[in-house]
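When a residue number appears, it is its place in the shown sequence, counting from 1.
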Amino acid sequence: MKYIDEFRQRDAARKILEKIHGISGKKVTIMEICGTHTHTIAKYGIRNSLPSNIRLISGPGCPVCVTSAADINKVVEFCKREKDVIIATFGDMMRVPGTESSLQEQKAMGKDIRVVYSPLGALDIAMANSGKQVILYAVGFETTVPTVAATILLAREKGIKNFSALALHKLTPPAMMALLDSGELDLDGFLCPGHVTAIIGAKAYQFLAKKYHAPCVVAGFEPLDALYGLYLLMKQLEEGKAEIEIQYKRVVTWDGNIKAQRIIEKVFEICDSNWRGIGKIPLSGLRLKEEFAHFEAEKRFSLANGIDEELQGCACGKVLKGIITPDQCPFFGSTCTPETPAGPCMVSFEGTCAAYYKYGYSQYKTTD
């Protein structure tokens, strides 16, 4: 299969690994900032294939996981309050536990909450239910935002009055900056997300190289993509360089998707945003511009701020920052499993805890 099989070849992987083993000497910590990379690294056992001086840690790259407890509690409380409203949400958000309840539990209690596979699905629900208000519970990074923006433009074009969005979108580069500024981690470089960068372009990471001397490599999601991305990072670190490189050239460019960027800029403006485990990060979120305020669910329905309180003992916040690995959380594998998740990192496909659990956390190693 083109673009898949050629990036899963065992012999090619072995040759890249030999190169990594050959050039690596210094002890380094590299963060994969994307949940899909975390999944790939776990699925193909990449961590254990690397030399012991290379430590890979997972970052806040899962859009479901980084949605704050306050924002989850906000929509749950809204469901309890309102009767004639339909909540349209992506599947993973259904099971993420708030402080007292989840959307899945609210649905079981009779609330009209529906899973959609794209923002346009929410608009279809609105057009088919003109007597009810439909709210798109919109989470996601830069990858998701263009489709939400296009849906809002379409809703305006069609004159649909019963559709709005609770936009909780987040921007990746400010979170990377916040991690470096926190002083809690000693990061040497980033494996950057391919799909986010397909939208924003690799130039979005220039500040990381210039200000923090942190090399970045944008990589794809097949095992050879990830391995070669790590090789390029190690090569830079060995040579003392801090540059932005693109391994995923079949998808990613330096400037990104200009058309998608213009759609985003037309509908959204940058604002501060609250991230689970990290807190408020300046200029790391998106909100609807004033001319689209009538599509803003928060204003239309006067949604109250939710309680920003995570389940006591849940360590998702520390996992998202890369301070601990999932197996260091006391809940992991006992009270917290994919069937009974205590936190979002165990719910989502892109969650670090879910990847650890699914592929066997015994394969992971920490080399402090």
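- When side chains are defined from C-beta on, I46 counts as touching L230, because their heavy atoms get closer than 4.5 Å.
- Taking hydrophobic clusters as Ile, Leu, Val, Met, Phe, Trp and Tyr residues chained together by side-chain heavy-atom distances below 4.5 Å, L233 shares a cluster with Y44.
- Under the 4.5 Å side-chain heavy-atom criterion for ILVMFWY residues, a single connected hydrophobic cluster contains both V115 and F78.
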Using salt bridge (charged side-chain N to carboxylate O under 4.0 Å, His left out), reason through D225 and R250 one step at a time and then give a plain yes or no.
CA-CA 11 Å; D225 289 320; R250 61 189 186 278; 2.7 Å; yes

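- Looking at heavy atoms from C-beta onward, L179 lies out of side-chain contact with M176 at the 4.5 angstrom threshold.
- Note that CD of E142 and CD of Q261 are 10.0 Å apart. Values are rounded to the nearest 0.5 Å.
- In terms of the salt bridge (Lys or Arg N to Asp or Glu O under 4.0 Å) criterion, K170 has no residue partners (sequence neighbours excluded).
- Linking ILVMFWY side-chain heavy atoms closer than 4.5 Å, directly or via other members, places M31 and I41 in two distinct hydrophobic clusters.
- With sequence neighbours left out, the side-chain contact (heavy atoms from CB on, under 4.5 Å) criterion links P338 to M346, Y357.
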side-chain contact (heavy atoms from CB on, under 4.5 Å) between L187 and I57: does it pass, once the steps are laid out?
CA-CA 9 Å; L187 294 175; I57 59 174; 3.5 Å; yes

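- Taking 4.5 Å as the limit, every side-chain heavy atom of V196 sits out of range of all side-chain heavy atoms of I33.
- Ion pairing between R8 and E222 holds under the 4.0 Å rule for side-chain N and carboxylate O.
- Using a 4.0 Å cut-off between a side-chain N of Lys or Arg and a carboxylate O of Asp or Glu, E32 and R47 qualify as a salt bridge.
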Sequence neighbours left out, cut at 3.5 Å: what donor-acceptor pairs do the side chains of residues 62-72 make with other protein atoms?
from	atom 1	to	atom 2	distance (Å)
T67	OG1	P63	O	2.9
S68	OG	D71	N	3.1
S68	OG	D71	OD2	3.2

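- Ring geometry for Y248 versus F221: interplanar angle over 60°, hence perpendicular rather than tilted (30 to 60°).
- In this structure, the side chains of L283 and L171 stay at 4.5 Å or more apart for every pair of heavy atoms.
- With hydrophobic clusters built from ILVMFWY side chains whose heavy atoms lie under 4.5 angstrom apart, I160 shares a cluster with I86.
- Within 6.0 Å of the NZ atom in K26, the count of heavy atoms belonging to other residues, nucleotides or ligands exceeds 12.
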Extract all donor-acceptor atom pairs below 3.5 Å that involve side chains of residues 10-23 and protein atoms in other chains or at least two apart in sequence.
from	atom 1	to	atom 2	distance (Å)
D11	OD1	R14	NH1	3.0
H21	NE2	S49	O	2.9

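- Remark: the backbone N or O of T325 is paired with a side-chain donor or acceptor of Q328 at under 3.5 angstrom.
- Residues meeting the salt bridge (Lys or Arg N to Asp or Glu O under 4.0 Å) test with E77, sequence neighbours left out: K80.
- Every residue two or more places apart in sequence or in another chain was checked for a salt bridge (Lys or Arg N to Asp or Glu O under 4.0 Å) with D92, and none qualifies.
- T144 is listed as a side-chain neighbour of F90, based on a closest heavy-atom distance under 4.5 Å.
- One distance of note links NE2 of H37 with SG of C192; it measures 9.0 Å at 0.5 Å rounding.
- Of all heavy-atom pairs between I264 and P146, the closest is CD1-CG, 3.7 Å.
- Side-chain atoms of E243 do not come within 3.5 Å of backbone N or O of E245 as any donor-acceptor pair.
- Residues meeting the ring-ring contact (aromatic ring centres under 6.0 Å, His included) test with F292, sequence neighbours left out: none.
- Of the possible polar contacts, none joining the S284 side chain to the P174 backbone as a donor-acceptor pair under 3.5 Å is found.
- Residues C34 and H195 meet the side-chain proximity criterion, which asks for heavy atoms closer than 4.5 Å.
- Looking at residues two or more places apart in sequence or on another chain, you find a side-chain contact (heavy atoms from CB on, under 4.5 Å) between P326 and V319, F332, T352, C353, Y356.
- Other residues, nucleotides and ligands contribute only 12 or fewer heavy atoms inside 6.0 Å of the CD1 atom of I270.
- Side-chain atoms of T337 and T340, non-hydrogen and from C-beta on, do get closer than 4.5 Å to each other.
- At most 12 heavy atoms of other shown residues, nucleotides or ligands fall within 6.0 angstrom of atom CZ in R262.
- A continuous path of ILVMFWY side-chain contacts below 4.5 Å connects V145 to V116, so both sit in one hydrophobic cluster.
- Not counting sequence neighbours, E339 has no partner by the salt bridge (Lys or Arg N to Asp or Glu O under 4.0 Å) test.
- Not a single donor-acceptor pair under 3.5 Å links the side chain of S348 to the backbone N or O of C345.
- Nearest heavy-atom pair across A149 and I263 is CB-CG2, 3.5 Å.
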Pair up each side-chain donor or acceptor in residues 117-141 with any protein partner under 3.5 Å, not counting sequence neighbours, and list the distances.
from	atom 1	to	atom 2	distance (Å)
S118	OG	L120	N	3.3
S118	OG	G121	N	3.4
N129	ND2	I125	O	2.7
Q133	OE1	R300	NH1	2.7

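- The backbone N or O of I30 sits nowhere less than 3.5 Å from a side-chain atom of D188 that would complete a donor-acceptor pair.
- No donor-acceptor pair under 3.5 Å is formed between the side chain of K111 and the backbone N or O of Q106.
- Of the possible polar contacts, one joining the E238 side chain to the G25 backbone as a donor-acceptor pair under 3.5 Å is found.
- Residue-environment remark: CD (E291) exceeds the threshold of 12 foreign heavy atoms within 6.0 Å.
- Between the side chain of H39 and the main chain of G351, no donor-acceptor pair closer than 3.5 Å is present.
- Side-chain contact check for N73 versus T99: some heavy-atom pair is nearer than 4.5 Å.
- Under the side chain to side chain donor-acceptor pair (under 3.5 Å) criterion, R95 pairs with no residue at all, not counting sequence neighbours.
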Can you list, pair by pair, the side-chain donor-acceptor contacts under 3.5 Å of residues 200-219, counting residues two or more places apart and other chains?
from	atom 1	to	atom 2	distance (Å)
K203	NZ	D255	OD1	3.3
Y205	OH	T197	OG1	2.8
Y212	OH	D181	OD1	2.8
Y212	OH	D181	OD2	3.1
H213	NE2	G240	O	3.4

